[in-house]
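Everything below concerns the one structure shown next.
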Amino acid sequence: MSTVALKFGQIQIKEELAQFRPLKEAIPKLYAKLHPEWYKPKKTEIHIRVDTDVLEWYKSQGKGYQTKINAVLRAHAFG
């Protein structure tokens, strides 16, 4: 292989590599399954109304009740 062909091949590979995106951006659901300990989705603050007895039950489960509610919503939305 000539030097010219080798350099052209290296340039082509660099251009192709530049098009790649991190797995976290390209396929976030797969990334989350492969690395659940690293997956930190963006959080959005909202205000919702829930039944008082439901909220009291989650709070009675201890610290992290909002995280537990979010997990139930995530499971429902994404199965």
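Owing to the predicted nature of the structure, the values given are computational and were not obtained by experimental measurement.
Atom CD in Gln61 sits 13.5 Å away from atom OG1 in Thr67 (nearest 0.5 Å).
No side-chain heavy atom of Val50 sits under 4.5 Å from any side-chain heavy atom of Tyr58.
In this structure, Phe78 is not a member of the same hydrophobic cluster as Ile46, with clusters built from ILVMFWY side-chain heavy atoms closer than 4.5 Å.
Of all non-hydrogen atoms in Leu55 and Tyr65, the two that sit nearest each other are CD1-CE1, 3.8 Å.
In Lys68, the NZ atom is crowded: over 12 heavy atoms of neighbouring residues, nucleotides or ligands sit closer than 6.0 Å.
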